[in-house]
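Step one of this worksheet: look at the structure below.
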Amino acid sequence: MMINAENTQPLKKKTKALCFFVAEKSEEPFGLPKIDAKLLAAVKQSAKETKGKRGSIHIIHTHGLIPAEKIILAGLGHIHKITHETVRVSSGNVAKKIRDLGMGEFSIVLPDKFPIKVDSAASAIVEGVSLSQYSFDKYKKEKTPALQNISILVSDQAKISHHVSKARTVSESVNFARSIANLPPNECAPAHMAGFAKSLAAKNKLKCAVLSKNELRQKGFGGITAVGQGSKNEPKMIILEYNGKKDEAPTVLVGKAVTFDTGGISIKPAEKMDEMKFDKCGGCTVLGVMKAVSELKLPVNVIGIIPSVENMPGGESYRPGDIIKMYGGSTAEIHNTDAEGRLILSDALSYGVKTYKPKAILDFATLTGACIVALGANVAGLVSNNNGIVSKVKKSSDRTGEEVWQLPLNDDYMDMIKSDNADIKNVGTGRAAGAITAAAFLANAVGTVPWAHFDIAGTAWIQTGSKEKSYNPKGATGFGVRLVVDYLS
Ligand code: BES
Ligand code: MN
Ligand code: ZN
């Protein structure tokens, strides 16, 4: 699929479908040029019928009155409520419709007079279209047909082509993250994760190191070693380095990559256990960001650390009651082997802090069911020890439409993970504040380094039965890639 901006006049464009955005209760779509009276009447009539409602789509046949075969009206909702997210969702809707109708291409009109800035609106169109077209059909005989060409018709192509190409790179990186996250657990064990990281590194000139099970044990990664010991698929820790700037402390990104989470000895119920292949989504987010920053050649230093394990029950598994020593030096008592994410993340965070002296450390993890209970499927939990980071993250969240909501973390929560027999334990007190007590465990590993934790349990994939956004098709969403690339930019 190719998506580009071009200067062509809408009425001169030979295309299967010429798409205009329209606001609610407006009869005049944005950027509609002077057209034949009959066609104009039809357009106005359609706009009236759909009322420009958010998400609405209307198709008008042009009967050869203009070079475009059809005109499509895409509703954006109330004019004062039009945001980048509205444009992203609407563009995704249009692209899906075009594909469902078996048309391979379309053009979309983006005039200078538009409710939001044209360059960032163009980015939102590119994201909506590219992300909506992703489909995980690797294991199906029948493949989803792809769109060939999409043109964004603008007045000044030179001014926005850079934005279009950046949005294209970012969207491809999101789709890359999705394509790994969607893999079944029998085809994506920790060693596969390491393989994907290595081939990305080779292609994009990143440094890459992978620590093996023995190295992890020898170097004192007690959390990763314990969680990984129950599976014959050995644990790995992946480290990727991107250097875009000399002499500057890096930002470290850590992503949970549990390739399958059965719960271990504290085994999960059977219902929806298949979805626990998505427990590697945090790690995939980090891979997606590393791809994007290296292709965009951002002038920053970024380290990606991905602890990867399979959490399985068996004769070798770690157990409730075990006391393990974490990489950071604390001892942790295991109360539930299903609270494995915090154990592998804690090791990786401590390693990141100690090895790289980062200016900031961000982690991404499908960490707790409690976060879904609290915030649902569209908003990620955010926990931090630093207000500066939080305000930067919120700005990137606003721009990208990847929503976050900050949860508190004070000493009362830290007390909830104190253990009778070790320094800390891997669960809180009962079920209270489950998303926060999980974060409290991580807070122990980062000390005073500015840190932001993203609990993406609800947002990392489209849960069975829940509603998908036009640009987030079924399966993994790649949540976080766009937000972090914006943050690093
Ligand atoms: N990977 C799960 C969290 C999860 C569950 C994410 C469902 C998305 C959907 C995590 O490892 C886990 O099992 N957490 C436990 C923690 C509990 C045992 C303290 C949970 O949330 O139940
Ligand atoms: Mn678990
Ligand atoms: Zn898990």
Side-chain angles (χ1 to χ4, degrees), residues 181 185 188-190 193 223-224 226-228 230-231 235 254-285 306-313 317-322 332-348 363-381 383 407 413 416-417 419 424-442 453-466 475-477 479-480:
C188 190
M193 284 296 292
I224 303 175
V227 178
S231 171
V254 174
K256 170 180 174 181
V258 175
T259 59
F260 194 67
D261 182 11
T262 64
I265 296 298
S266 318
I267 198 161
K268 288 180 180 296
E271 200 195 341
K272 291 214 226 170
M273 202 203 269
D274 58 295
E275 293 191 11
M276 280 300 114
K277 71 169 188 174
F278 293 118
D279 214 17
K280 58 185 178 299
C281 282
C284 297
T285 294
I306 305 171
S308 186
V309 297
E310 186 175 44
N311 189 18
M312 293 288 268
S317 298
Y318 79 133
R319 350 159 166 64
D322 281 0
E333 183 175 25
I334 307 307
H335 280 233
N336 189 319
T337 61
D338 198 11
E340 83 296 342
R342 63 200 76 183
L343 299 172
I344 68 169
L345 287 169
S346 165
D347 276 359
D363 78 76
F364 303 85
T366 48
L367 202 58
T368 64
C371 188
I372 313 179
V373 174
L375 300 175
N378 262 321
V379 180
V383 177
L407 303 171
Y413 296 109
M416 287 167 80
I417 57 163
S419 161
I424 48 178
K425 58 186 166 98
N426 77 333
V427 299
T429 317
R431 293 210 289 195
I436 304 176
T437 50
F441 194 96
L442 306 182
H453 157 65
F454 296 77
D455 193 330
I456 59 171
T459 56
W461 74 95
I462 306 296
Q463 324 264 331
T464 341
S466 94
T477 58
F479 184 96

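None of the values given here were measured: they were computed from a predicted structure. Whatever order the structure lists them in is the order used to number ligands and atoms, beginning at 1.
Heavy-atom minimum distance, Glu333 versus Ser419: OE1-OG, 2.7 Å.
For a distance bound of 2.8 Å, the N, O or S atoms of Asp261 include one lying that close to the Mn ion (ligand 2).
Formation of a donor-acceptor pair under 3.5 Å by the Thr262 side chain with backbone atoms of Ile267 is not found in this model. Asp347 contributes a side-chain N or O that, together with a main-chain N or O of Gly223, makes up a donor-acceptor pair within less than 3.5 Å. When atom types are taken as modelled, the side chain of Lys256 and the backbone of Thr366 share a donor-acceptor pair closer than 3.5 angstrom.
Taking CD1 from Ile456 and CZ from Phe278, the interatomic distance works out to 11.5 Å, rounded to the nearest 0.5 Å. Note that the CD1 atom of Ile462 and the OG1 atom of Thr477 stand 6.0 Å from one another [nearest 0.5 Å]. Distance CD1/Ile265 to OG1/Thr337: 6.0 Å, rounded to 0.5 Å.
Side-chain atoms of Asp455 and Thr368 include a donor-acceptor pair closer than 3.5 Å. Judged purely by distance below 3.5 Å, without hydrogens or angles, the side chains of Asp363 and His453 pair a donor atom with an acceptor atom.
The pair Lys280-Glu310 does not count as a salt bridge, with every side-chain nitrogen at least 4.0 angstrom from each carboxylate oxygen.
Closer than 4.0 angstrom to ligand 1 lie heavy atoms from Lys256, Asp261, Lys268, Met276, Asp279, Asn336, Asp338, Glu340, Arg342, Thr366, Leu367, Thr368, Gly369, Ile372, Val427, Ala457, Trp461.
Atoms of the protein (N, O or S only) found under 2.8 Å from the Zn ion (ligand 3) are Lys256 NZ, Asp261 OD2, Asp279 OD2, Glu340 OE2.
Within Glu340, the N/O/S atom positioned nearest the Mn ion (ligand 2) carries the name OE1.
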